[in-house]
Peer 1: 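Have a look at this one before I ask anything.
Protein chains get the first letters and strands the later ones, always in sequence-line order, with residue 1 at the start of each.
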Amino acid sequence: MTFEVQHTDPNSNARAGIIHTDHGVIETPIFMPVGTVASVKSVHQRELKDDVKAQIILGNTYHLYLRPGIDTLERAGGLHKFNGWDKPILTDSGGFQVFSLSENRKLKEEGATFRSHIDGSKHLFTPENVVDIQRTIGADIIMAFDECTPGTADYQYAKKSMELTHRWLERGLKHFDETESKYGYSQTFFPIVQGCVYPDLRKQSAEFIASQNRDGNAIGGLAVGEPTEKMYEMIEVVNEILPKDKPRYLMGVGTPINILEGIERGVDMFDCVMPTRNGRNGMLFTRNGIMNMKNEKWKNDFSPLDESGTSYVDFAYSKAYLRHLFISKEFLAMQIASIHNLAFYLALVTEAREHIQLGDFANWKKGMMEQLGRRL
RNA sequence: GGGCAGUUACCAAAGUGGCCAACUGGGGCUGACUGUAACUCAGCUGUCUUUCGACUUCGGAGGUUCGAAUCCUUCACUGCCCA
């Protein structure tokens with residue numbers, strides 16, 4: 001994998017770049033739809049490519065390991081062949097599940113013991129076997145196994161947690177370097193910065209991660225309960241240190257506003273479940289603000305779903321129709337909303353990229369932020 | 001014509017003398033959701049009030065009682081069974 005910064009915004013840290021992988025290029029800044037269990041929920045691959053215009057999607061190590069299992073993925077010839085997505089894939093390591101399934105896991109120096117949320121069976125994830133699993137899944141970008149520290153953690157816990165993540169990183173990297181891709185294309189490994197909301201820890205972590213000299217670096221442990229301002233502050237601290245010639249991936253973020261703030265601070269890659277999950281729950285993101293499609297006010301609004309939208313669904317369906325589908329619990333509601341939201345997210349980062357190239361990103365962002373904050 | 005059962009808020013359905021503005025579902029309204037255990041979750045859903053609280057309700061009318069959705073009388077309507 002290689003990365004090239006093509007343009008840098010004169011008035012901020014925003015940059016436009018391009019990532020080359022064996023499954024094609026990714027133009028940054030980019031938003032990556034989340035496809036946890038080998039599927040971006042309720043969206044076909046064709047819609048993902050042609051309508052949403054996704055360039056890379058995520059998968060999840062924990063979920064894919066439990067089901068369908070690595071044996072099946074290996075027989076399939078890797079995730080790309082299994083789910084029919086021939087563009088780049090990034091897999092999260094299961095570090096987020098260490099956080100979100102905290103009631104069902106135990107952390108040890110060796111790794112994390114999990115109880116499957118599916119059948120209760122016990123499993124051990126280590127920095128090494130998580131690399132092996134991701135080798136088998138065959139993602140283009142694989143993530144380090146970390147502990148995603150809650151945003152509310154106290155300093156002592158955050159420090160201990162970060163140090164454990166660092167030790168795990170060294171083990172993971174060593175194992176990664178000693179193993180090879182299984183399917184003939186190259187894989188790259190991103191380490192993850194932790195350190196919670198504490199600037200000195202973030203700084204220390206960023207320095208440690210930068211010193212590993214990998215093809216790309218990730219910022220984790222944000223948007224997990226801390227105030228949004230703290231998140232922005234941490235991004236600034238970290239990006240001051242992470243190398244400028246490597247892509248920076250802000251994990252799990254976020255709202256459209258979060259993404260613009262991240263781009264302005266030099267982040268290149270984002271992923272988040274919001275466009276799909278919130279979409280399934282009836283929320284639409286548009287450049288003019290958010291809409292709750294279950295609200296009564298759309299009942300007789302037959303105007304296009306989103307006149308400022310770029311997706312097929314934005315003009316194929318009306319607000320009133322989508323509301324009806326949600327109220328009636330029709331599957332199509334979730335499909336339309338997910339496609340719209342993902343297309344909006346992708347259009348947003350594409351537009352950001354264009355304005356970085358034009359050199360007026362900061363100005364464009366200012367206007368966009370005002371619109372995005374509205375509730376429709 | 002006779003017998004039995006029933007009539008509770010938008011719908012369904014508990015409650016059978018005070019703890020009842022009334023359980024619970026559904027429906028409705030509003031909100032939440034950030035590296036997906038999420039087609040999920042939370043609040044509200046008689047009227048007025050920001051809260052406290054006040055007021056009006058359980059088919060209609062009348063009665064018993066300190067007190068009634070709950071007991072009695074009667075009327076209306078619905079369902080089932082027998083002729």
Side-chain angles (χ1 to χ4, degrees), chain A residues 31-43 56-64 66-67 90-105 114-120 130 134 139 141-151 165 190-194 218-228 231-232 235 249-259 261-262 267 269-285 290-299 323 325-338 341 345 375:
Chain A
F31 178 80
M32 309 181 282
V34 178
T36 306
V37 292
S39 129
V40 175
K41 293 187 193 301
S42 88
V43 184
I56 170 172
I57 62 173
L58 297 211
N60 185 279
T61 303
Y62 167 81
H63 292 274
L64 293 171
L66 289 180
R67 203 161 52 190
L90 179 152
T91 40
D92 184 32
S93 62
F96 185 74
Q97 280 64 42
V98 172
F99 160 77
S100 67
L101 305 176
S102 58
E103 283 166 29
N104 293 323
R105 59 87 169 139
F114 283 95
R115 255 181 208 291
S116 159
H117 69 278
I118 297 168
D119 63 6
V130 161
Q134 293 184 95
I141 299 172
I142 78 179
M143 300 304 299
F145 188 55
D146 65 339
E147 183 190 1
C148 180
T149 320
T165 288
F190 280 21
I192 304 170
V193 174
Q194 287 291 341
I219 307 166
L222 290 176
V224 283
E226 80 287 1
T228 309
M231 171 168 83
Y232 297 148
I235 296 169
Y249 164 30
L250 178 57
M251 305 183 75
V253 175
T255 65
I257 287 174
N258 292 159
I259 287 172
E261 295 288 3
V267 176
M269 304 163 73
F270 302 86
D271 79 282
C272 191
V273 304
M274 268 196 156
T276 42
R277 178 190 290 165
N278 290 26
R280 288 196 305 282
N281 292 332
M283 180 194 250
L284 253 53
F285 295 93
I290 57 168
M291 296 193 273
N292 181 348
M293 293 316 297
K294 292 177 185 169
N295 284 179
E296 193 177 26
K297 61 179 163 188
W298 310 120
K299 192 170 188 175
R323 175 181 192 272
L325 294 177
F326 268 112
I327 296 297
S328 308
K329 301 191 190 334
E330 282 293 318
F331 297 138
L332 186 57
M334 295 184 289
Q335 296 180 33
I336 292 171
S338 298
N341 279 346
Y345 266 62
R375 173 177 287 279

Peer 1: Establish, from distance only, whether the side-chain atoms of A/S116 and A/D119 form a donor-acceptor pair under 3.5 Å.
Peer 2: yes
Peer 1: Rounded to whole angstrom units, what separation is found between the CZ atom of A/F331 and the P atom of B/rC39?
Peer 2: 11 Å
Peer 1: With P as the reference atom in both, quote the distance from B/rG18 to B/rA68 in angstrom, rounded to an integer.
Peer 2: 11 Å
Peer 1: Between A/M32 (CE) and B/rU34 (P), how many Å, whole number?
Peer 2: 17 Å
Peer 1: Taking only the side-chain nitrogens and oxygens of A/R277, find out if one of them lies under 4.0 Å from OP1 or OP2 of B/rU34.
Peer 2: yes
Peer 1: Which residue lies toward the 5' end of RNA chain B, A/H117 or A/G282, if each is placed at its nearest nucleotide?
Peer 2: A/G282
Peer 1: Looking at every strand, decide which applies to A/Q335 at a 4.0 Å heavy-atom threshold: base, sugar-phosphate, or nothing.
Peer 2: nothing
Peer 1: Using the side chain to side chain contact (heavy atoms under 4.5 Å, CB included) definition, which of the options A/I142, A/I57, A/L58 pairs with A/L90?
Peer 2: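 For A/L90, the side chain to side chain contact (heavy atoms under 4.5 Å, CB included) test succeeds with only one of A/I142, A/I57, A/L58, which is A/L58.
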Peer 1: Using the C1' atom in both, what is the distance from B/rU65 to B/rU47, to the nearest Å?
Peer 2: 28 Å
Peer 1: Please tabulate, for side-chain N and O atoms in residues 269-277 of chain A, each donor-acceptor pair with protein atoms closer than 3.5 Å (sequence neighbours left out).
Peer 2:
residue, atom, partner, partner atom, Å
A/D271, OD1, A/Y249, OH, 2.6
A/D271, OD1, A/G252, N, 2.8
A/T276, OG1, A/V273, O, 3.0

Peer 1: Just name whichever nucleotide pairs with B/rU64, Watson-Crick or G-U, keeping both distances under 3.5 Å, else none.
Peer 2: none
Peer 1: If we take the C1' atom in both B/rA22 and B/rU16, what is their distance in whole Å?
Peer 2: 13 Å
Peer 1: In whole Å, what is the span from the CE atom of A/M283 to the P atom of B/rU36?
Peer 2: 19 Å
Peer 1: At under 4.0 Å, does any side-chain N or O of A/R323 touch on OP1 or OP2 of B/rC29?
Peer 2: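 Yes, A/R323 has a side-chain N/O under 4.0 Å of OP1/OP2 on B/rC29.
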Peer 1: Separation of A/K297 atom NZ from B/rU30 atom P, in whole Å?
Peer 2: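 From A/K297 NZ to B/rU30 P: 8 Å.
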Peer 1: Determine the contact category for A/L58: base if any of its heavy atoms lies under 4.0 Å from a base atom, sugar-phosphate if only primed atoms, P, OP1 or OP2 are that close, otherwise nothing.
Peer 2: sugar-phosphate
Peer 1: Could you tell me the Watson-Crick or G-U partner of B/rG1, where both distances fall under 3.5 Å? Say none if there is no partner.
Peer 2: B/rC82
Peer 1: Calculate the interatomic distance between A/W298 atom CH2 and B/rU30 atom C1'; express it in whole Å.
Peer 2: 14 Å
Peer 1: Is the shortest side-chain heavy-atom distance between A/Q134 and A/S93 below 4.5 Å?
Peer 2: yes
Peer 1: Could you work out the separation of B/rU7 and B/rA12 based on their C1' atoms and round it to a whole Å?
Peer 2: 14 Å
Peer 1: Heavy atoms only, 4.0 Å cut-off, all strands: where does A/N258 land among base, sugar-phosphate and nothing?
Peer 2: base
Peer 1: Using the P atom as the reference point in each nucleotide, state the distance between B/rC19 and B/rA69 in Å, no decimals.
Peer 2: 9 Å
Peer 1: If you only use heavy atoms from C-beta on, which nucleotide in B/rC29, B/rA37, B/rG35 is closest to the side chain of A/Q97?
Peer 2: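 Looking only at side-chain atoms, A/Q97 lies closest to B/rA37.
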Peer 1: Return the nucleotide paired to B/rA14: Watson-Crick means purine N1 to pyrimidine N3 with N6-O4 or O6-N4, wobble means G-U with N1-O2 and O6-N3, both under 3.5 Å.
Peer 2: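 Paired with B/rA14, as far as the under-3.5 Å criterion goes, is no nucleotide at all.
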Peer 1: For nucleotides B/rG25 and B/rG63, find the distance between their P atoms and express it as a whole number of Å.
Peer 2: 39 Å
Peer 1: Looking at side-chain heavy atoms only, is the closest gap between A/L222 and A/M251 below 4.5 Å?
Peer 2: no
Peer 1: Please enumerate all residues that pass salt bridge (charged side-chain N to carboxylate O under 4.0 Å, His left out) together with A/E261, with sequence neighbours excluded.
Peer 2: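 If we apply the salt bridge (charged side-chain N to carboxylate O under 4.0 Å, His left out) test to A/E261, skipping adjacent residues, the hits are A/R265, A/K365.
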Peer 1: Would you indicate, yes or no, if B/rG31 has its OP1 or OP2 atom less than 4.0 angstrom from a side-chain nitrogen or oxygen of A/R375?
Peer 2: yes
Peer 1: Can you name the atoms? Protein N/O to nucleotides 25-27 of chain B N/O, anything below 3.5 Å, with the distance.
Peer 2:
none

Peer 1: When the C1' atoms of B/rU24 and B/rG15 are considered, how many whole Å apart are they?
Peer 2: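 Roughly 11 Å separates the two C1' atoms.
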Peer 1: In whole Å, I'd like the distance from the OH atom of A/Y249 to the P atom of B/rU34.
Peer 2: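 A/Y249 atom OH is separated from B/rU34 atom P by 15 Å.
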Peer 1: Could you identify the nucleotide paired to B/rA9, looking across every strand shown and requiring Watson-Crick or G-U wobble geometry with both distances under 3.5 Å?
Peer 2: none
Peer 1: What I want to check is whether an N or O donor and acceptor connect the side chain of A/K294 with the base of B/rU40 at under 3.5 Å.
Peer 2: yes
Peer 1: Between B/rU40 atom P and A/N292 atom CG, what is the distance in whole Å?
Peer 2: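 After rounding, the reported distance stands at 15 Å.
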Peer 1: Could you tell me which residues satisfy ring-ring contact (aromatic ring centres under 6.0 Å, His included) with A/F96, sequence neighbours excluded, listed by chain and number?
Peer 2: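 Result, ring-ring contact (aromatic ring centres under 6.0 Å, His included) vs A/F96: A/F99.
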Peer 1: Write down the partner of B/rA42 under the Watson-Crick or G-U wobble criteria, each distance required to be under 3.5 Å.
Peer 2: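 Looking at the geometry, B/rA42 pairs with B/rU30.
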Peer 1: To the nearest angstrom, how far is A/I57 atom CD1 from B/rG35 atom C1'?
Peer 2: 15 Å
Peer 1: Between A/N104 and A/Q97, is there a side-chain donor-acceptor contact under 3.5 Å, judged purely by atom types and distance?
Peer 2: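 Short answer, no.
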Peer 1: Verify the contact: side-chain N or O of A/N278 to OP1 or OP2 of B/rU34, cut-off strictly under 4.0 Å; return yes or no.
Peer 2: no
Peer 1: What about A/T276, does its side chain sit under 3.5 Å from the base of B/rU36 through a donor-acceptor pair?
Peer 2: yes
Peer 1: For atom P, what is the distance between B/rA42 and B/rU56, given to the nearest Å?
Peer 2: 35 Å
Peer 1: Quick one: ring-ring contact (aromatic ring centres under 6.0 Å, His included) partners of A/F285, sequence neighbours excluded?
Peer 2: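 For A/F285, the residues satisfying ring-ring contact (aromatic ring centres under 6.0 Å, His included) (neighbours in sequence not counted) are A/Y345.
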Peer 1: Could you tell me whether the phosphate oxygens of B/rC39, OP1 or OP2, come under 4.0 Å of any side-chain nitrogen or oxygen in A/N281?
Peer 2: no
Peer 1: Please report, to 0.1 Å, the donor-acceptor pairs under 3.5 Å made by any side chain of residues 328-335 of chain A, with sequence neighbours excluded.
Peer 2:
residue, atom, partner, partner atom, Å
A/S328, OG, A/H324, O, 2.8
A/S328, OG, A/H324, ND1, 3.4

Peer 1: Please confirm whether any donor atom in the side chain of A/D146 sits under 3.5 Å from an acceptor in the base of B/rG35, or the reverse.
Peer 2: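 Under the 3.5 Å cut-off, the side chain and the base do form a donor-acceptor pair.
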